Every structure is written in C-alpha cells, then in structure tokens.
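As structure tokens, the structure follows; a few thoughts come after it.
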Amino acid sequence: MTAIKQGDTVRIHYTGTLRDGNVFDSSEGRDPLEFAVGSGQIIPGLDAALPGMEIGEKKRVEVDCQDAYGPINPAMRQDVPREGIPDDIPLDPGTQLQMQTPDGQALPVMVVDANEETVTLDANHPLAGQDLIFDIEVVSIN
C-alpha cells in the first residue's frame, strides 16, 4: 500500500470539533477535501499528521492552537466610532461583517461589542485561540 508523503495530492473526509465537543466543520455529506500535502493549503497541525497514512486509514488528530489558527491577537481587535458605520448595518455581537483594508482587500470581522459611541470589531480568525480535534479518513492519494 502507498503511504502519504510530502507533495502528494490527497482527499480526506474529516470532522473538526472543539475541545468541548462542538463540531465546527465537517465534510459529511460533501465531497472529500482535496489538497497537496505540505503546500500550506490546510492548517499546519493537520498537514503534519498526514505523512505515513494510507488509503482507508482513520486517525484522530489533536491540533494545538499554535498549529491551527494561532492564538488570539489583541491587535486584531479595534474600537471604531459608531458614527462611521451606516445605520442599516446590524451591530449585534456575533455579527460577521466585511471591512476593506487600505489596499482594497476584503477583511472579515466580527462584532464583539457595541455601545452608543463605539463598535468593537475583531479580525482574528473565528477559531483563533482554539485547540482543534479532527477525525480524518484518507480517501485517496495521488
């Protein structure tokens, strides 16, 4: 049997959960996730767990936040004046919005707090600071 090595294109089925057991993503009911091992297309901690696995093999992989989406970066949270946000934009905590960076790139942010004067926006990845658990199954290796 062929084992996965760096550079192989693989397809895996996966279910990602948080330490509390909540599922944050899964390929269940969808096509398997396809990517090149070692290419940086997936989080480093999951990528590093694949070499040596074979087709049909299943594994549980625990990924520390450092090897997933990183720790929460306080500099990615910003208070902005409420007056600079149009009235028709919902500002309930947990609302996902999109800002534009000075160079024109779209930047997803989440509203974490809002009051009469300011809105606190967080540009950290929603899974930043979280340790992740993946149950994976190798479907194909090319």
Side-chain angles (χ1 to χ4, degrees), residues 1-82 84-115 117-142:
M1 222 198 245
T2 303
I4 295 173
K5 61 188 179 314
Q6 293 290 322
D8 284 344
T9 296
V10 299
R11 295 176 56 186
I12 63 169
H13 274 300
Y14 67 93
T15 298
T17 56
L18 302 175
R19 291 243 180 249
D20 65 8
N22 284 324
V23 174
F24 64 84
D25 195 12
S26 176
S27 65
E28 187 174 332
R30 302 188 317 222
D31 288 336
L33 178 64
E34 183 175 321
F35 57 93
V37 175
S39 67
Q41 294 174 296
I42 64 170
I43 60 172
L46 184 56
D47 209 6
L50 293 165
M53 291 185 71
E54 298 178 346
I55 293 173
E57 187 174 346
K58 296 179 181 182
K59 182 191 277 190
R60 175 167 276 205
V61 180
E62 295 189 18
V63 180
D64 183 76
C65 78
Q66 297 285 12
D67 293 321
Y69 295 97
I72 292 174
N73 179 351
M76 298 292 283
R77 278 193 170 190
Q78 184 175 6
D79 291 332
V80 296
R82 189 171 187 128
I85 300 175
D87 291 337
D88 63 332
I89 303 290
L91 298 176
D92 300 316
T95 301
Q96 296 281 337
L97 301 175
Q98 200 169 79
M99 295 182 65
Q100 196 168 19
T101 64
D103 64 356
Q105 296 289 335
L107 177 67
V109 296
M110 182 187 306
V111 176
V112 292
D113 193 26
N115 60 40
E117 295 155 12
T118 61
V119 177
T120 305
L121 301 175
D122 188 346
N124 282 289
H125 188 281
L127 294 172
Q130 300 277 349
D131 296 332
L132 309 177
I133 301 167
F134 291 92
D135 289 301
I136 60 173
E137 178 182 3
V138 178
V139 176
S140 68
I141 304 169
N142 291 321

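If you're wondering where the values come from, they're calculated on a predicted model, not measured in any experiment. Atom set for the values below is all heavy atoms of this structure, side chains included, hydrogens, waters and symmetry mates excluded. Residue numbers count from 1 along this sequence.
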Taking [X] for the side chain and [Y] for the main chain, is one N or O donor matched with an acceptor at less than 3.5 Å?
| X | Y | answer |
| --- | --- | --- |
| S26 | Y14 | yes |
| T15 | D135 | no |
| N124 | N73 | yes |

Spacing of [X] atom [atom1] and [Y] atom [atom2] [to the nearest 0.5 Å]:
| X | Y | atom1 | atom2 | value |
| --- | --- | --- | --- | --- |
| C65 | I72 | SG | CD1 | 8.5 Å |
| S140 | D8 | OG | CG | 10.0 Å |
| I42 | E34 | CD1 | CD | 12.5 Å |
| L91 | N115 | CG | CG | 10.5 Å |
| L132 | L18 | CG | CG | 6.5 Å |
| E137 | I12 | CD | CD1 | 10.0 Å |

Inset, instruction - Classify the ring geometry between F134 and F24 as parallel (under 30°), tilted (30 to 60°) or perpendicular (over 60°). - result: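 Rings of F134 and F24: perpendicular, over 60°.
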Inset, instruction - Would you check if F35 and L46 make a side-chain contact, meaning some heavy-atom pair closer than 4.5 Å? - result: no
What pair of heavy atoms forms the shortest contact from [X] to [Y], and how long is it?
| X | Y | result |
| --- | --- | --- |
| D92 | T95 | O-OG1, 2.7 Å |
| I136 | M53 | CD1-SD, 3.8 Å |
| E57 | G52 | OE1-O, 4.1 Å |
| Q41 | A36 | OE1-N, 2.7 Å |
| A68 | P44 | O-CD, 4.1 Å |
| Q6 | G38 | OE1-CA, 3.1 Å |

Count the heavy atoms of every other residue, nucleotide or ligand shown that sit under 6.0 Å from [atom1] of [X], and state whether that count exceeds 12.
| X | atom1 | value |
| --- | --- | --- |
| Q96 | CD | yes |
| D87 | CG | no |
| K58 | NZ | no |
| E117 | CD | no |

Inset, instruction - For the pair R19 and E62, evaluate side-chain contact (heavy atoms from CB on, under 4.5 Å) and give the outcome as yes or no after the intermediate values. - result: CA-CA 9 Å; R19 291 243 180 249; E62 295 189 18; 3.1 Å; yes
Legend entry - Salt bridge flag under 4.0 Å for residues R77 and D113: no
Inset, instruction - Applying side-chain contact (heavy atoms from CB on, under 4.5 Å), run through L121 and V111 and close with a yes or a no. - result: CA-CA 5 Å; L121 301 175; V111 176; 3.8 Å; yes
Legend entry - Derivation of the side-chain contact (heavy atoms from CB on, under 4.5 Å) call for V37 and K5: CA-CA 7 Å; V37 175; K5 61 188 179 314; over 6 Å; no
Inset, instruction - Take D67 and I43, measure what side-chain contact (heavy atoms from CB on, under 4.5 Å) needs, and give me the verdict at the end. - result: CA-CA 7 Å; D67 293 321; I43 60 172; over 6 Å; no
